[in-house]
Undergrad: 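Before anything else, here's the structure in question.
This chain uses plain numbering: 1 for the first residue, then up along the sequence. FYI, side chains are in, hydrogens and waters are out, and symmetry mates aren't considered; it's all heavy atoms of this structure. Start at 1 and go down the list; that is how both ligands and their atoms are numbered.
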Amino acid sequence: MGKKPKNLWLADPREVLRASEGFDLATVDRNSSPGWDGGKKEAKALMKSRAALLPELQERLFAEGRTGGKRSVLCIIQGLDTAGKGGIVRHVMGAVDPQGVALSSFGVPTEEEAKHHYLWRIRKALPPAGSIGVFDRSHYEDVLVVRVNDLVPEEKWSKRYDEINKFEEDLVKDGTTVLKFAMMVSHEEQGLRLMERLDRSDKHWKYNTGDLTTRAKWQEYQTAYQAVFEKTSTDHAPWYVLPADHKWFPRLAITEILTRTLSEMDLNWPKPRWSVETQRRKLAESMSTESLITSLEETHDNVESAMADSIEVRHEVAAIPGIDDAQAAEVAAARKEAWLEEIDAAVAQKETILRDRADLPKKLKKKLKKKAKG
Ligand code: AMP
Ligand code: MG
């Protein structure tokens, strides 16, 4: 379990980083880490602790989806070349079970995609219930690169902002939480990162000669991004603007926002529609006395390892604002109590079943009888 790392967020990063009314991209210092009262080292420590919390939250969402739940989460990641979109997939999503993550990258539309409405390929890639979808680029390219390069007439792209808002609103209504992240590097930092790609033969595959054409249109892209933030940072699907010159900052911020979002979804392990007791009795009927004895011995270990994994018991919900330490301790104590009751119930039922077995070793029979009498 270890020591709880310091949570150095001065405020909820969703409030600090959100593009709200009056937002001006030109004033964003790309080399800053808004809302975070620490540096890289502290960020890594918190990321590490979140890396233990995220997989359980994600697994709960997945379990909910498998048992009829409709909820999902979609992380839309935008940014110019070298902003670090790939790093998010590795460092943030790398922490969770790949079967619960639906990753899609959107490049220049294929011949097939180009025949359809621009949202066609997006709809096809939406995360199924219970999963976390990650879009590396998205439908926003259809008002970014498309706008900057005049790929369709203004009359057409200018109508897309409203259409996108409506599209996302419907998504949210259907149970998808939409988180939009824009990773913003400075012109200088992009130059350095592109040069590194040229210097290293293991990075050449990431370089595209077209990247320089895009870089030459820096200002046009900033204007197009500003318009995106003004027109599409809605209450149902807000934009979070992440200064990205420090590679660790967007990773930390996205991890934190995702963790807080999942925590607030109040995800609980689904309750079975069948009776544990009945199923345990039926299963026991098919087991030898010898293996039932083994199972009795394993009961504590099984439940205790679940208890050790439980985020409530581990106190980690405490790091999420809205729950203070005392409250978290209460939640932890209550959850622990419930686990212990589960152990007792399982042990008691197994002992009852075993007592009636004719081939139960005498010594154990005596012990269980004595225990039953209290
Ligand atoms: P990368 O993410 O580096 O693999 O590059 C993908 C490229 O595809 C970028 O240059 C994007 O601008 C481009 N792209 C993505 N979506 C579209 C689109 N709808 N129309 C034109 N180009 C696009
Ligand atoms: Mg690229």
Undergrad: Taking only heavy atoms of Leu151, which atoms of ligand 1 are found under 4.0 Å from at least one of them?
TA: 21 (C)
Undergrad: Do Val145 and Phe229 land in one hydrophobic cluster if side-chain heavy atoms of ILVMFWY residues count as linked below 4.5 Å?
TA: yes
Undergrad: Does Gln78 reach ligand 1, in the sense of a heavy atom lying below 4.0 Å from it?
TA: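 The answer is no, since Gln78 has no heavy atom less than 4.0 Å from ligand 1.
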Undergrad: Taking distance alone, with no angle check, do Pro109 and ligand 1 share an N/O pair under 3.5 Å?
TA: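 No - when backbone and side-chain N and O of Pro109 are compared with those of ligand 1, no distance drops under 3.5 Å.
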Undergrad: Is Val108 touching ligand 1 with its side chain, its backbone, both, or neither, if touching means heavy atoms under 4.0 Å apart?
TA: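 Both backbone and side chain of Val108 come within 4.0 Å of ligand 1.
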Undergrad: Any chance CD of Glu220 has more than 12 other-residue heavy atoms, nucleotides or ligands included, within less than 6.0 Å?
TA: yes
Undergrad: Can you tell if the side chain of Lys115 reaches within under 4.5 Å of the side chain of Thr110, non-hydrogen atoms only?
TA: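 SC-SC contact between Lys115 and Thr110 ruled out.
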Undergrad: In the protein, which heavy atom is nearest to atom 6 (C) of ligand 1, and how far is it?
TA: Arg137 NE, 3.6 Å
Undergrad: Please indicate, with yes or no, if any protein heavy atom is found under 4.0 Å from atom 4 (O) of ligand 1?
TA: no
Undergrad: Side chains of Arg215 and Gln190 only: does a donor on one sit below 3.5 Å from an acceptor on the other?
TA: yes
Undergrad: Which of parallel (below 30°), tilted (30 to 60°) and perpendicular (above 60°) describes Trp120 and His116?
TA: parallel
Undergrad: Could Lys203 and Trp205 be counted as a cation-pi pair, given that NZ or CZ must be under 6.0 Å from the ring centre and within 45° of the axis?
TA: no
Undergrad: Check ligand 1 against Asp81 and write out every atom of the ligand that is under 4.0 Å from a heavy-atom position of the residue.
TA: 3 (O)
Undergrad: If you look at Asp81, which of its N/O/S atoms is nearest to the Mg ion (ligand 2)?
TA: OD1
Undergrad: Starting from atom 11 (C) of ligand 1, find the nearest protein heavy-atom neighbour and note its residue, name and distance.
TA: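 Scanning the protein heavy atoms, the shortest distance from atom 11 (C) of ligand 1 goes to Glu141 OE1, 3.6 Å.
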Undergrad: Rounded at 0.5 Å granularity, tell me how far CD in Glu290 sits from CZ in Arg357.
TA: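 The CD atom of Glu290 sits 12.0 Å away from the CZ atom of Arg357.
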Undergrad: Using the ring of Tyr118 (Phe, Tyr or Trp, six-membered ring only), decide whether Arg160 places NZ or CZ under 6.0 Å from its centre and within 45 degrees of its axis.
TA: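 Yes, Arg160 and Tyr118 form such a contact.
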Undergrad: Within ligand 1, which atoms have a heavy atom of Val145 less than 4.0 Å away?
TA: 12 (O), 17 (C), 20 (N), 21 (C), 22 (N), 23 (C)
Undergrad: Determine whether the side chain, the backbone, both or neither of Arg121 has a heavy atom under 4.0 Å from any heavy atom of ligand 1.
TA: side chain
Undergrad: Is it possible for you to check whether Arg335 lies under 6.0 Å from the centre of the six-membered ring of Trp339, through NZ or CZ, and within 45° of that ring's axis?
TA: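 So Arg335 does make the cation-pi contact.
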Undergrad: If we set the cut-off at 4.0 Å for heavy atoms, which region of Asn208 has an atom near ligand 1: side chain, backbone, both, or neither?
TA: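 The answer is neither; Asn208 stays 4.0 Å or more away.
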Undergrad: Near Asp142, which atoms of ligand 1 are under 4.0 Å from a heavy atom of that residue?
TA: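 Checking each atom against Asp142, I get 19 (N).
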